[in-house]
Amino acid sequence: MLPEELAGRIREECGDVLLLDPARAWAILTDSGRLLEVCRNLKNIGFIRALNMTANHLGGRDFHLYLTLRHGERHDASLTLKWKFTLLDEAAEPEPGEESAPAYAGQSVHPSLSLIWRAVELMEREIFEFFGIPFAGNQNLVGLILDPQLQGFPLRRDFRAASHENYAEKLLEERADRAVRGVMHDPQF
Amino acid sequence: MTRSSDRRVEIRRDPLLTEKLIYSVGPQHPSLPSPLELRVQADGELIERVTPELGYMHRGVEQLVTQRNYGQAAGLISRCEWLAGSNADWLVADAIERIEGITVPARSQWLRTLVLELSRIGNHLFWFGNLGLEAGAYTPIFIAMREREMLLDLLEMLSGHRHHHGWIVPGGVRNAPPEDFSGHVRAFCLWFRGRLDEYEDFFSDNAIWINRSELIGTLEPDYAFEYGATGPVLRASGIAHDLRRDQPYAMYGELDVQVPTGEFGDVLDRYRVRFLEMRESLRIIEACLGNIGGDAPLRDPDVNPDPEALTVSRGEVYTAVESPRGELGLTLVSDGTNRPSRMHLRAPSLYHLFLLDELCRGYLLADLFVIYGSLDIMIGEVDK
């Protein structure tokens, strides 16, 4: 739900790039290049809580991303923002003064929203792990759940068994090897 | 009793530069009800850092649901939240109803509200039993399971299942309650209210328990907000946010839902908030009982009852429920077929789990599991 007065403020602040549907508490960002600006505006309006962020692979290099926010004082007000992101081949050039993300050379990067909402850090880690979208500026962009040896991104449409071919066998071999070597635990803190 | 200051110890830099100890707790550990590894860095007995290591229970649910029909998808999502699985059933049903514009009959909405509250009590009872174990008390788990069994009997009477009920379906509920259901629920409420008083007598005011929980694992409201805390964890920090009251769904809008809050955000406040919630759930359940009888329809006749034949129009929606652990959310993207194109579960436990580092820092190792227990983490919804 999005109360009318808040919808009015959102239209004032970001009306030219948002298709707003207050009845569904839904907004579509038409110009993804202005994502950070729109997010900062939404936070200034009072959407200080990031509740959820996820992605959907459309096929090829295209993704939809969804971010659900809730107002800090008006607990009855929430908004889901949707935008499109295309993963490019070349690494995006970082803006002067911004942190680069050399680890993802060969892919483009999505700007991290974790500097605006701290909770987004975990959500971006999840998206990175399952969709392979790198977020520039996320200080802790490592997987959360999957085995680090798994190749590929399981929630992409093109994820096939080939990308983890013989995965189970390799895993068993690795475990057997570790058992032979007497490795019980590898404390990589 | 008034609480004046945090018992967190300021971590000092060790002038002798002694080696820190890193403990690996789990994934199989008596204090962890679900598989999870906690890497704990400690200086002597003081916790400096806690890092959760996840993935021991990952089943690929979000990938699997895209290959199954909506009925099967609801069952899989429910298996992420097995203690109160009806919340997941409700989420899937509500997402479909929002996309399709389905109006659920009022009688079904009352029944759904009743089941969600029964599930909340069932979950909190499990939490109470486990928390007792974390604190070294064996009695709570036995008495909590006694009451929980009675409650599961009620849910079985209603749905035929004790855990994954699958009873809340798109358009309504699967079947009418048996004739004597209301009487059994009333009897349970009467019995359980007396047992709650008993718990309070022997546990809530117990000096040992208060000493273990008071001003331990304090969470500031700003920090809770910033890091995505919801549900009892957020409310214990003093923020009165509850979806049942603030964004009412089912029949909560008809009920004056009271939202208990804490003051200090410590283990004791999280404990007290959940106890007050169980009392509030009893009140809601009794209010629902007067509206579930009669012959009014239970399901929108336009919704296809065959899950395989149920197709959902192209659309996207985010919906959320105030689960016993906090805001359980679902993002559904439908492409017009009988299978979801994308389904994502927002798990409150994920955010609460990563609060552990902040909550435990500066406390003693012995406090780790009391703090962990107070958060009521469900690894199934985190690992998915």
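Keep in mind it's a predicted model, so treat the numbers as computed, not measured. No hydrogens, no waters, no symmetry mates; every other heavy atom, side chains included, goes into these values. Every chain is numbered from 1 and lettered A, B, ... according to where its sequence line falls, protein lines coming before strand lines.
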Inset, instruction - Let me see the working for His58(B) and Asp147(A) under side chain to side chain contact (heavy atoms under 4.5 Å, CB included), right down to the final yes or no. - result: CA-CA 10 Å; His58(B) 178 59; Asp147(A) 190 315; over 6 Å; no
Inset, instruction - Could you give me the CA-CA distance, side-chain angles and deciding distance for Tyr351(B) and Met123(A), then say whether side chain to side chain contact (heavy atoms under 4.5 Å, CB included) is met? - result: CA-CA 9 Å; Tyr351(B) 303 96; Met123(A) 306 167 196; 3.2 Å; yes
Legend entry - Proximity breakdown for Phe354(B) and chain A, heavy-atom pairs closer than 4.5 Å: side chain
Legend entry - Heavy-atom contact with chain B under 4.5 Å, split by part of Leu146(A): side chain
Inset, instruction - Tell me, for Leu350(B) versus chain A, whether the close heavy atoms (under 4.5 Å) come from the side chain, the backbone, both or neither. - result: both
Inset, instruction - Without swapping roles, check the side chain of Arg24(A) against the backbone of Arg98(B) for a donor-acceptor pair under 3.5 Å. - result: no
Inset, instruction - Please round to the nearest 0.5 Å and tell me the distance separating atom NE2 of His344(B) and atom OG1 of Thr68(A). - result: 9.5 Å
Inset, instruction - Can you tell which part of Ala55(A) gets under 4.5 Å to a heavy atom of chain B, answering side chain, backbone, both or neither? - result: backbone
Inset, instruction - Please name the pair of heavy atoms, one in Gln247(B) and one in Ser78(A), separated by the smallest distance, quoted to 0.1 Å. - result: NE2-OG, 3.4 Å
Inset, instruction - Tell me, for Leu234(B) versus chain A, whether the close heavy atoms (under 4.5 Å) come from the side chain, the backbone, both or neither. - result: side chain
Legend entry - Worked check of side chain to side chain contact (heavy atoms under 4.5 Å, CB included) between Thr66(B) and Leu155(A): CA-CA 10 Å; Thr66(B) 59; Leu155(A) 289 179; 5.9 Å; no
Inset, instruction - Please state whether the rings of His75(A) and His241(B) are parallel, tilted or perpendicular, taking 30° and 60° as the class boundaries. - result: tilted
Inset, instruction - State, with a plain yes or no, whether a side-chain heavy atom of Leu144(A) is found less than 4.5 Å away from one of Val382(B). - result: no
Inset, instruction - Check each atom of His64(A) against the heavy atoms of chain B and say whether the ones under 4.5 Å are side chain, backbone, both or neither. - result: side chain
Inset, instruction - Please report the closest heavy-atom contact between Ala119(A) and Gly228(B), naming both atoms and the distance. - result: CB-N, 3.8 Å
Legend entry - Lys/Arg N to Asp/Glu carboxylate O, Glu327(B) vs Arg49(A), below 4.0 Å: no
Inset, instruction - Inspect the surroundings of CZ in Arg11(A) and state if more than 12 heavy atoms from other residues, nucleotides or ligands are less than 6.0 Å away. - result: yes
Inset, instruction - Would you check if there is a donor-acceptor pair between the side chains of Arg342(B) and Thr54(A) at a distance under 3.5 Å? - result: yes
Inset, instruction - Identify which of Phe130(A), Tyr66(A), Trp117(A) forms the greatest number of heavy-atom pairs closer than 4.5 Å to chain B. - result: Tyr66(A)
Inset, instruction - Check Tyr318(B) against Asn52(A) and note the closest heavy-atom contact, atom names and distance. - result: CE1-ND2, 3.7 Å
Inset, instruction - Tell me, out of Arg70(A), Arg74(A), Met53(A), who's got the most heavy-atom pairs with chain B below 4.5 Å. - result: Arg70(A)
Inset, instruction - Taking atom CD of Glu73(A) as the centre, report whether more than 12 heavy atoms of other residues, nucleotides or ligands fall under 6.0 Å from it. - result: no
Inset, instruction - Please tell me if the side chains of Lys384(B) and Glu126(A) come closer than 4.5 Å, counting only heavy atoms from C-beta onward. - result: yes
